[in-house]
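Below you'll find the structure, written out as C-alpha cells, and then a few comments.
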Amino acid sequence: MFRAAVRLSVSGVRSLTRTQPRCQALLASRCYSHGKQETDEEFDARWITYFNKPDIDAWELRKGMNTLIGYDLVPEPKILEAALRACRRLDDLASAVRILEAVKDKAGPHKDIYPYLIQELRPTLDELGISTPEELGIDKV
C-alpha cells in the first residue's frame with residue numbers, strides 16, 4: 001500500500017512538472033502608428049498656422065521653435081517667415097535673431113542652405129527691420 005501511494009505521488013509530481021503554464025508570455029512586438037502620414041505641405045501649413053495665431057505669446061513662440069528645430073529638418077522659408085512675423089508682433093528682436101542663429105546651426109555642414117534661407121527671407125527681414133547675426137557681428141565666436 002505504501003508503494004502504491006509513493007507511485008501515485010511520484011506520478012502526480014511528474015504530471016505537474018510536465019504541464020505547460022496556463023499563462024503564456026506574449027511575444028514582444030512593435031506597434032507602429034498606422035495613422036495617416038503628414039505630407040510636406042500639411043506640415044508647413046500646420047506650422048505656419050501655429051506661428052500666425054494672433055494671440056501667440058513669447059512662451060508659445062519659443063516652444064514652437066524648440067519643437068520645430070528638434071525635428072530632423074531645416075524649416076522652410078515660409079515657416080521661418082511666419083515665425084519672424086510672430087517675433088515682430090511680440091516686439092521680440094532677440095527671439096528673431098535667435099531663430100536665425102538656430103537655423104544656421106541646424107543647417108550644419110551644408111554651407112549652401114543658410115545663404116539660401118537668408119536670400120528667401122531678405123524681403124521679410126527688410127520689411128520687419130530684423131538684422132541677421134552676421135550684420136550684427138554676433139556670428140563670430
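Just so you know, residue 1 is the first one in the sequence shown, and it goes up from there. No hydrogens, no waters, no symmetry mates; every other heavy atom, side chains included, goes into these values. Just so you know, these numbers come straight off a predicted model, no measurement behind them.
By the 4.0 Å N-to-carboxylate-O rule, Arg46 lies close enough to Glu38 to be salt-bridged with it.
Within the structure, every pair that satisfies the ring pair (Phe, Tyr, Trp, His ring centres under 6.0 Å) test and touches residues 48-68, not counting sequence neighbours, is listed here: Trp47-Tyr50, Trp47-Phe51. Applying the ring pair (Phe, Tyr, Trp, His ring centres under 6.0 Å) rule to pairs touching residues 82-103 yields nothing, sequence neighbours excluded. Applying the salt bridge (Lys or Arg N to Asp or Glu O under 4.0 Å) test to residues at least two apart or on different chains, the pairs with a partner in residues 47-58 are Lys53-Glu60.
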**Q.** Residues Ile79, Phe43; criterion side-chain contact (heavy atoms from CB on, under 4.5 Å); working and verdict
**A.** CA-CA 10 Å; Ile79 297 174; Phe43 178 85; 4.3 Å; yes
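Here the shortest heavy-atom pairing between Ala86 and Leu61 reads CB-CD1, 4.0 Å. Closest of all the heavy-atom pairs between Glu76 and Asp44 is CG-OD2, 3.6 Å. Contact record, Leu117 with Pro75: CD2-O, 3.8 Å, taken as the closest heavy-atom pair. When all heavy atoms of Pro77 and Leu121 are compared, the pair lying nearest together is O-CD2, 3.4 Å.
Scanning for salt bridge (charged side-chain N to carboxylate O under 4.0 Å, His left out) contacts around Asp72 gives an empty result, with sequence neighbours left out. Residues meeting the side chain to side chain contact (heavy atoms under 4.5 Å, CB included) test with Thr39, sequence neighbours left out: Glu41, Glu42. Listed by chain and number, the residues in a salt bridge (charged side-chain N to carboxylate O under 4.0 Å, His left out) with Glu120 amount to none (sequence neighbours excluded). Contacts of Arg62 classified as side-chain hydrogen bond (donor to acceptor under 3.5 Å, both in side chains), with partners at least two apart in sequence or in another chain: none. For the salt bridge (charged side-chain N to carboxylate O under 4.0 Å, His left out) test, no residue two or more places apart in sequence or in another chain qualifies with Asp112. For the side-chain hydrogen bond (donor to acceptor under 3.5 Å, both in side chains) test, residues two or more places apart in sequence or in another chain that qualify with Glu81 are Arg85.
Rounding to the nearest 0.5 Å places SG of Cys87 at 9.5 Å from CG of Leu128. Between the CD1 atom in Ile130 and the OG1 atom in Thr124 there is a gap of 8.5 Å [rounded to 0.5 Å]. Note: Ile138 CD1 to Thr132 OG1 = 8.5 Å, rounded to the nearest 0.5 Å.
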Without placing hydrogens or testing angles, list every side-chain donor-acceptor pair under 3.5 Å for residues 100-110, not counting sequence neighbours.
{"from": "Lys104", "atom 1": "NZ", "to": "Glu134", "atom 2": "OE2", "distance (Å)": "2.9"}
{"from": "Lys106", "atom 1": "NZ", "to": "Ile69", "atom 2": "O", "distance (Å)": "2.9"}
{"from": "Lys106", "atom 1": "NZ", "to": "Tyr71", "atom 2": "O", "distance (Å)": "2.6"}

Table please: side-chain donor-acceptor pairs of residues 92-99 below 3.5 Å, with sequence neighbours left out.
{"from": "Asp92", "atom 1": "OD1", "to": "Ser95", "atom 2": "N", "distance (Å)": "3.3"}
{"from": "Asp92", "atom 1": "OD1", "to": "Ser95", "atom 2": "OG", "distance (Å)": "3.4"}
{"from": "Asp92", "atom 1": "OD2", "to": "Ser95", "atom 2": "OG", "distance (Å)": "2.6"}

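Looking only at side-chain heavy atoms (C-beta outward), Asn66 and Lys63 stay at 4.5 Å or farther from each other.
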